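Predicted model, so just to flag it, every value in this text is computed and none were measured.
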Amino acid sequence: VTKRVTEAHGAIPGMRTAVIAMGKLGGREMTAGSDLDLILLYDHDPKENASDGPRPLVGSHYFSRLTQRLISALSAPTSEGVLYEVDLRLRPSGRSGPVATHLDGFRTYQLKEAWTWEHMALTRARVISASPGFAGEVDKAIRQVLTVKRTARKTLADIADMRRAIAEDKGEDSRWDLKYARGGLVDIEFIAQALQLVHAHRHPDILDTNTARVLDKATAAEFLTPADGDTLRAACRLYQRLTQIIRLCLVDGFDPETAATGLRQMLARAGELPDFATLDAHVGEVQTAVRQVFERIVGPV
């Protein structure tokens, strides 16, 4: 994409770009059908703001064109459907913000304007492509934001409020909505993100884009009791195994009342249990245990 944009519009002196993966891609937790949550950051010579090609573009316009071309390439239609769905809503200022952001603007926004939920999302940010030497600068900026000293009470209250808002929007009463159910995957992810935002100032080694690894680190650092750590890690593994199968086999959500017998048997095997009825009861018990840990670490929803 960069080669084609450069052929048409030239390059801005000193320009550098980085593509940051967020969400499931950032955490290396993608399932079948996951979209790509991306942010594009750039930098260039501060004395130069226009490209040098036959059809020159000014700075922000240039990198917006680059990002739009990148989205088109990643979401190309194929004989089996769209390659990937691309989501840029986690960029600074969300849908209202530019599709590409200067590194300085990104750093300033995250330190001075971003909400707690944006810092939660940033815990999963991972550079997946960058100009030589630029990845280190981007990683440093992200780490600077995540290691800011925060008031634990306010941070945890914000996270509990966010979880409450999601429950009101998505519902949390369906056991087999493994992501949004009360005690589901979102609860585990929010616990991992809360532990990082509260403790990274003094314990930066807790930072990791992968939920399971954060739980490992938090347990080792005694931010989680061994029992709570075991509960969350086992639940995370279970939910991810079941979700992979459901996403591969179904377009819509899983309904145990109408699901094929073969699918229910496959889910029981993935859960390492003898039959689906046992798995169904086990999932309910796990969700209850996870929500109890959530309320101990973050607070009541």
Side-chain angles (χ1 to χ4, degrees), residues 22-24 26-27 29 35 37 39 87-97 106-125 142-175 177-203 206-212 214-215 217-218 223-225 228-229 231-232 235-236 239 243 253 286-301:
M22 308 287 283
K24 297 289 187 186
E29 298 164 353
D35 58 11
D37 290 299
I39 294 175
D87 190 341
L88 299 178
R89 288 177 296 177
L90 292 177
R91 69 188 186 272
S93 301
R95 286 192 179 96
S96 64
F106 171 82
R107 186 188 293 110
T108 299
Y109 177 86
Q110 291 290 346
L111 289 171
K112 296 184 177 181
E113 299 180 41
W115 296 69
T116 299
W117 72 264
E118 293 176 282
H119 291 161
M120 293 165 65
L122 199 63
T123 63
R124 307 180 83 176
I142 293 170
R143 197 172 183 85
Q144 179 185 0
V145 174
L146 295 179
T147 54
V148 166
K149 187 175 182 179
R150 293 174 172 84
T151 303
R153 180 179 296 180
K154 181 183 184 305
T155 300
L156 297 177
D158 287 348
I159 293 172
D161 284 344
M162 184 68 181
R163 184 65 185 96
R164 187 180 303 113
I166 291 175
E168 291 173 354
D169 182 47
K170 302 289 187 181
E172 62 172 5
D173 297 325
S174 176
R175 175 180 298 177
D177 186 351
L178 297 174
K179 180 175 182 179
Y180 294 114
R182 184 183 297 108
L185 190 57
V186 167
D187 279 28
I188 299 175
E189 292 172 349
F190 277 25
I191 291 168
Q193 292 161 12
L195 291 169
Q196 291 179 88
L197 294 182
V198 169
H199 296 293
H201 174 67
R202 290 188 175 180
H203 301 275
I206 195 176
L207 294 175
D208 202 297
T209 62
N210 181 269
T211 301
V214 173
L215 298 174
K217 293 179 178 183
F223 301 136
L224 283 172
T225 66
D228 285 351
T231 294
L232 295 176
C236 192
Y239 294 159
T243 298
V286 169
Q287 290 174 344
T288 297
V290 168
R291 176 49 66 94
Q292 289 171 350
V293 178
F294 184 95
E295 294 188 344
R296 283 196 292 272
I297 301 297
V298 179
V301 177

- Task: List the steps, then state whether side-chain contact (heavy atoms from CB on, under 4.5 Å) holds for Thr147 with Leu207.
- Result: CA-CA 9 Å; Thr147 54; Leu207 294 175; 4.0 Å; yes

- Task: Let me see the working for Lys217 and His203 under side-chain contact (heavy atoms from CB on, under 4.5 Å), right down to the final yes or no.
- Result: CA-CA 10 Å; Lys217 293 179 178 183; His203 301 275; over 6 Å; no

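In terms of modelled atom types and a separation under 3.5 Å, the side chain of Thr155 and the main chain of Val198 share no donor-acceptor contact. With Arg153 contributing its side chain and Thr151 its backbone, the two residues share no donor-acceptor pair below 3.5 Å. With Glu118 contributing its side chain and Trp115 its backbone, the two residues share a donor-acceptor pair below 3.5 Å. No donor-acceptor pair closer than 3.5 Å links the side chain of His201 to the backbone N or O of Val148.
Put simply, OG1 on Thr116 and CG on Asp161 are 9.5 Å apart, with the number rounded to the nearest 0.5 Å. The CD1 atom of Ile142 sits 7.5 Å away from atom CD1 of Ile39, with the distance rounded to the nearest 0.5 Å. In this structure, CG on Asp177 lies 9.0 Å from CD on Gln287, to the nearest 0.5 angstrom. Between the CG atom in Leu90 and the CZ atom in Arg124 there is a gap of 10.0 Å [rounded to 0.5 Å]. Remark: Lys24 NZ to Glu29 CD distance equals 5.5 Å, nearest 0.5 Å. With values rounded to the nearest 0.5 angstrom, Leu195 atom CG is found 7.5 Å from Leu215 atom CG.
The minimum heavy-atom distance linking Ala200 with Ile206 is given by the pair CA-CG2, 4.1 Å. Taking every heavy atom of both residues into account, Arg150 and Val145 meet most closely at NH2-O, 2.9 Å. What you find for Ala289 and Thr231 is that their closest heavy atoms are CB-CG2, 3.8 Å. Considering every non-hydrogen atom in both Val298 and Ala194, the closest pair reads CG2-CB, 4.1 Å. In plain terms, the two heavy atoms of Phe106 and Pro92 that are nearest each other are CD1-CG, 3.6 Å. The shortest non-hydrogen separation linking Ala181 to Arg175 is CB-O, 4.0 Å.
Residues Leu178 and Leu185 are not in side-chain contact: their nearest non-hydrogen atoms beyond the backbone lie 4.5 Å or more apart. Annotation: side chain of Gln196 is not in contact with side chain of Leu146 (no heavy-atom distance under 4.5 Å). Looking only at side-chain heavy atoms (C-beta outward), Tyr180 and Asp169 stay at 4.5 Å or farther from each other. Taking the side chain as every heavy atom from C-beta outward, Leu232 and Thr211 never approach each other to under 4.5 Å. Between Met162 and Gln193, the closest side-chain pair of non-hydrogen atoms is not below 4.5 Å. The side-chain heavy atoms of Arg291 and Val301, taken from C-beta on, include a pair separated by under 4.5 Å. Lys179 places none of its side-chain heavy atoms less than 4.5 Å from the side chain of Thr243. Side chains of Asp173 and Arg182 form a contact here, defined as non-hydrogen atoms less than 4.5 Å apart.
Relative ring orientation between His199 and Phe223 is described as parallel, the plane-to-plane angle staying below 30° on a 0-90° scale split at 30° and 60°.
Counting heavy-atom neighbours within 6.0 Å of Arg164 CZ, excluding the residue itself, gives a total above 12.
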